[in-house]
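Only one structure is covered here, and it is reproduced in the block below.
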Amino acid sequence: MSKTVSIQIQIANKSYPLKVKEDQVEILQRAASKVAEQLKAYQTSFNLKEPQDILAMCALQQAADIITASNNRDQKEQEIDRKSTRLNS
C-alpha cells in the first residue's frame, strides 16, 4: 500500500498543493508538464491572452484525446473478439 505524500503542482503560474499516493507523484508531474506544454502551444498558436481561455482549450483537447483513445481501445477490443470468435469456430 503506498503512502500519501504532499506535492506542489504548477499550472498556469499557480501552485496547487496536493496530497497524493506516492505512486501517483510521477504521473501527476508528467501530466502537469503536458498541460504546461499545451498552455504554451495554445497561447502562441492562437494568440490567446486570458488564462481561462487557454485552460479551456487545454481541457477540451484533453477530453478529446481521452475519448479518441477510448474509442480506439473499444475498436481494438471488438476486432480481437471477432478474430477470437473466428478462430474458435
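Any value given below was found using the heavy atoms of this structure, including those in side chains, with hydrogens, waters and symmetry copies removed. What you are looking at is a predicted structure, and each value in this text was computed from that prediction instead of being measured.
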To the nearest 0.5 Å, what is the distance between CD1 (I54) and OG1 (T44)? 9.5 Å

Which residues pass the side-chain hydrogen bond (donor to acceptor under 3.5 Å, both in side chains) test with Q62, not counting sequence neighbours? Q38

Interatomic distance, C58 atom SG to L48 atom CG [nearest 0.5 angstrom]: 9.5 Å

Of all residues at least two apart in sequence or in a different chain, which pass the side-chain hydrogen bond (donor to acceptor under 3.5 Å, both in side chains) check with Q43? none

Could you list all the ring pair (Phe, Tyr, Trp, His ring centres under 6.0 Å) pairs where at least one residue sits in residues 54-73, not counting sequence neighbours? none

Pairs meeting criterion ring pair (Phe, Tyr, Trp, His ring centres under 6.0 Å) with involvement of residues 51-89, two or more places apart: none

Look up atom CD1 in I7 and atom CD in Q29, then write down how far apart they are to the nearest 0.5 Å. 5.5 Å

Pairs where residues 61-77 contributes a residue and the test salt bridge (Lys or Arg N to Asp or Glu O under 4.0 Å) is met, not counting sequence neighbours: R73-E77

Output a table of donor-acceptor pairs, distance under 3.5 Å, between side-chain atoms of residues 8-16 and any protein atom two or more places apart or on a different chain; print 'none' if there are none.
residue, atom, partner, partner atom, Å
Q8, OE1, S15, OG, 2.5
Q10, OE1, S15, OG, 3.3

Test item: S45 side-chain N/O and A41 main-chain N/O as donor-acceptor pair under 3.5 Å: yes

Sequence neighbours left out, what pairs pass ring pair (Phe, Tyr, Trp, His ring centres under 6.0 Å) with at least one residue falling in residues 17-56? Y42-F46

Check side-chain contact (heavy atoms from CB on, under 4.5 Å) between S2 and all other residues, then give those that pass, not counting sequence neighbours. K21, E22, D23

Quick one: side-chain contact (heavy atoms from CB on, under 4.5 Å) partners of E79, sequence neighbours excluded? R82, K83

In short, ring pair (Phe, Tyr, Trp, His ring centres under 6.0 Å) pairs touching residues 47-89 with sequence neighbours left out are none

For a 4.5 angstrom cut-off between non-hydrogen side-chain atoms, does L55 reach L39? yes

Qualifying residues under side-chain contact (heavy atoms from CB on, under 4.5 Å), relative to N88, sequence neighbours excluded: S84

With sequence neighbours left out, which residue pairs that include part of residues 36-62 fulfil the salt bridge (Lys or Arg N to Asp or Glu O under 4.0 Å) condition? none

